[in-house]
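Only one structure is covered here, and it is reproduced in the block below.
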Amino acid sequence: MRETAQAADLLSWYDVHARQMPWRTGPAERAAGARPNPYHVWLSEVMLQQTTVAAVREYFTRFTALWPTVGDLAAEEDARVMGEWAGLGYYARARNLLKCARVVVSDHDGTFPDTREALLKLPGIGPYTAAAIASIAFDRPEVVVDGNVERVMARLHDVHTPLPAAKPELTALAATLTPEDRPGDYAQAVMDLGATICTPRNPACGICPWRAPCAARAAGTAPELPKKTPKKPKPTRQGVAYLALREDGAWLLETRPDKGLLGGMLGWPGSGWAEEVPPHEPPLEADWRDPGGEALHTFTHFHLRLSVRVARVPMGANPRAGAFLPAATFRPSDLPTVMRKAFDLARGAFVDME
DNA sequence: AATCCGGGGTC
DNA sequence: GACCCAGGATT
């Protein structure tokens with residue numbers, strides 16, 4: 001079987017070039033009898049959804065230090081976990097992470113299921129993550145397809161069909177290569193290949209372990225694959241955020257609704273966000289000042305220009321929205337990035353007001 | 001099938 | 001700054 005030999009070529013490369021990551025159990029450790037920790041594999045794979053290894057590293061280390069087991073995580077308060085996730089993005093992942101941990105505890109006795117099918121039923125675990133956990137943590141020969149694998153397969157077979165339409169075809173091609181032996185290492189090897197050699201731009205074809213069988217390399221089309229259907233331009237929205245600082249140092253904050261943008265995260269009360277600043281009232285009556293400037297932030301599907309208003313308010317202040325969070329409890333690092341930008345903008349204004 | 005969800009890196 | 005990258009849930 002040529003395919004088996006091809007997988008073996010990649011595994012040989014991986015044995016030498018596998019990147020060290022805090023969640024990985026390397027071939028040497030496994031030879032000594034160590035097994036991957038399913039909790040670590042799950043946590044890292046959820047964090048890695050749409051997110052780079054560099055960004056995930058410190059979050060993974062912090063999470064496993066704070067919550068060494070899935071049971072520890074399941075027992076934690078929602079706000080604490082959301083705060084630790086702040087800055088990593090796609091906050092639905094954090095909400096589903098907690099849901100999943102609690103289901104694993106309540107329905108699976110604190111042990112992760114070991115099949116792709118069972119994993120797929122858990123919150124926040126889709127086709128990619130289910131296959132990744134099943135293969136990496138449980139040695140099952142599942143077909144693992146993420147963006148890296150799609151790119152590698154499109155080039156290996158010179159597929160010019162644009163994504164996402166090409167996905168079934170690329171998945172089928174990936175299936176023909178997935179080995180029965182060391183499927184977890186193989187899955188990680190393809191993704192490492194995509195991250196380090198078969199990169200989106202300037203692929204290093206000259207040192208690729210799959211340069212011989214690569215059709216796009218032969219055709220000279222590797223750099224332009226995979227093709228993608230063009231995306232829509234991002235509109236710009238505007239809004240106003242209100243930052244009230246009480247005499248005792250408490251900040252007026254609100255927990256955003258679970259559904260929607262920045263769901264479940266802390267944020268400053270304010271107007272909605274639309275093409276023009278929507279009509280609205282401040283969260284309380286105060287001498288609001290405009291320090292000037294805007295927090296500029298780009299979300300998945302729109303740009304935001306967020307201006308801020310700042311005020312110092314007395315102890316008796318009774319807000320229409322949000323609640324005062326004591327200075328000792330408030331950590332700016334608990335804020336999603338756009339809210340932290342607004343905070344940074346306002347902080348300078350408060351310094352000036354002193 | 002299309003849309004909604006952040007943030008970081010590269011050019 | 002503009003552009004590129006990368007899964008799951010929802011409808």
Side-chain angles (χ1 to χ4, degrees), chain A residues 42-59 82 84-100 103 116 119-133 142-154 162-168 170-171 174 187 190-192 194-196 198-203 223-237 256-267 273 294-306 333-342:
Chain A
W42 163 73
L43 180 61
S44 64
E45 288 299 341
V46 171
M47 287 181 166
L48 286 164
Q49 290 166 5
Q50 309 292 100
T51 310
T52 60
V53 167
V56 164
R57 256 204 175 84
E58 59 182 293
Y59 282 85
M82 298 307 290
E84 284 299 326
W85 194 277
L88 201 55
Y90 285 109
Y91 298 98
R93 292 186 296 170
R95 300 195 300 277
N96 285 326
L97 189 82
L98 260 175
K99 276 190 206 164
C100 182
V103 170
R116 188 192 66 89
L119 288 161
L120 209 41
K121 296 187 193 304
L122 296 170
I125 297 184
Y128 162 75
T129 308
I133 298 172
E142 301 294 349
V143 184
V144 180
V145 182
D146 74 340
N148 290 302
V149 178
E150 288 175 355
R151 184 171 59 255
V152 170
M153 290 302 135
L163 282 166
K167 175 123 186 162
L170 297 174
T171 301
V190 183
M191 293 189 281
D192 271 19
T196 63
C198 197
T199 50
R201 285 174 295 211
N202 306 317
E224 66 193 62
L225 296 177
K227 302 279 193 191
K228 305 210 171 181
T229 55
K231 58 226 160 302
K232 298 198 307 186
K234 294 179 184 188
T236 296
R237 297 183 191 171
R256 299 171 62 87
D258 265 357
K259 289 193 182 298
L261 191 75
L262 306 178
M265 298 300 292
L266 276 182
W273 303 338
E294 291 173 322
L296 303 179
H297 190 74
T298 299
F299 291 98
T300 316
H301 52 297
F302 64 92
H303 304 288
L304 176 66
R305 292 168 44 195
L306 186 64
S333 66
D334 284 349
L335 296 171
T337 301
V338 66
M339 299 298 172
R340 200 181 39 69
K341 286 179 179 174

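Throughout, protein chains are lettered first and strands after them, A, B, ... in sequence-line order, and every chain is numbered starting at 1.
Taking 4.5 Å as the limit, some side-chain heavy atom of A/Leu97 sits within range of a side-chain heavy atom of A/Leu43.
Rounded to the nearest Å, the gap between the P atom of B/dC5 and that of C/dC5 is 23 Å.
Summarising the geometry, the separation between CE on A/Met47 and P on B/dG7 is reported as 15 Å, rounded to the nearest angstrom. In this structure, the CD atom of A/Gln50 is 16 Å from the P atom of B/dC4, given to the nearest Å. In this structure, A/Asn202 atom CG and C/dC5 atom P are separated by 12 Å, rounded to whole Å. The separation between A/Leu296 atom CG and B/dG7 atom C1' is 15 Å, rounded to whole Å. Computed from coordinates, the A/Phe299 CZ to B/dG7 P distance equals 6 Å when rounded to whole Å. One atom, CG of A/Asn148, and another, P of C/dC4, lie 17 Å apart when rounded to the nearest Å. We find that CZ of A/Phe302 is positioned 10 Å from P of B/dC4, with the value rounded to whole Å. The interatomic distance linking A/Tyr128 (OH) with C/dA9 (C1') rounds to 18 Å, in whole Å.
The side chain of A/Thr300 sits closest to B/dC5 out of B/dC11, C/dG8, B/dC5. Candidate nucleotides C/dG8, B/dC5, C/dT10 were compared by shortest atom distance to the side chain of A/Lys259, and C/dT10 ranks first. Of all nucleotides listed (B/dG8, C/dC5, B/dC5), B/dC5 comes nearest to the side chain of A/Leu261. Picking from C/dT10, B/dG7, C/dG8 the nucleotide with the shortest atom distance to the side chain of A/Pro127 gives C/dG8.
Counting only distance, with no hydrogens or angles, the side chain of A/Thr236 and the backbone of A/Phe302 share no donor-acceptor pair below 3.5 Å. Distance alone, capped at 3.5 Å, is enough to place a donor-acceptor pair between the A/Arg93 side chain and the A/Gln49 backbone.
Note on A/Lys228: only backbone sugar-phosphate atoms sit closer than 4.0 angstrom, heavy atoms only; bases stay farther off. Within 4.0 Å of A/Thr129, counting heavy atoms only, lie sugar-phosphate atoms of the nucleic acid but no base atom. Residue-level contact check: A/Pro336 touches the backbone only, with heavy atoms under 4.0 Å from sugar-phosphate atoms and none from bases. Counting non-hydrogen atoms under 4.0 angstrom, A/Arg340 reaches nothing in the nucleic acid. If you check every strand for non-hydrogen atoms under 4.0 Å, A/Leu262 touches sugar and phosphate atoms only.
Checking the phosphate oxygens (OP1, OP2) of B/dG7, a side-chain nitrogen or oxygen of A/Thr337 falls inside 4.0 Å. A close approach under 4.0 Å does occur between a side-chain nitrogen or oxygen of A/His301 and OP1 or OP2 of B/dC5.
Paired with A/Met339 under the rule side chain to side chain contact (heavy atoms under 4.5 Å, CB included), one option of A/Arg256, A/His297, A/Met265 passes, and it is A/Arg256.
Each of A/Ala130 and A/His303 has a nearest nucleotide on DNA chain C; the 5'-most of these lies closest to A/His303. With the nearest nucleotide of DNA chain C identified for both A/Gln49 and A/Pro200, A/Pro200 has the one nearer the 5' end. Of the two residues near DNA chain B, A/Thr298 and A/Arg201, the one whose nearest nucleotide lies more 5' is A/Thr298.
A/Tyr59 pairs by the ring-ring contact (aromatic ring centres under 6.0 Å, His included) definition with nothing, not counting sequence neighbours. Considering only residues two or more places apart in sequence or on other chains, A/Lys227 meets the side chain to side chain contact (heavy atoms under 4.5 Å, CB included) condition with A/His160, A/Pro162, A/Glu224, A/Leu225.
Applying a 4.0 Å cut-off to non-hydrogen atoms, the residues of residues 86-94 of chain A that approach DNA chain B are A/Gly87, A/Leu88, A/Gly89, A/Tyr90, A/Tyr91, listed by residue number.
Between A/Phe299 and A/His301, a ring centre-to-centre spacing not shorter than 6.0 Å is recorded.
Judged purely by distance below 3.5 Å, without hydrogens or angles, the side chains of A/Tyr128 and A/Glu45 pair a donor atom with an acceptor atom.
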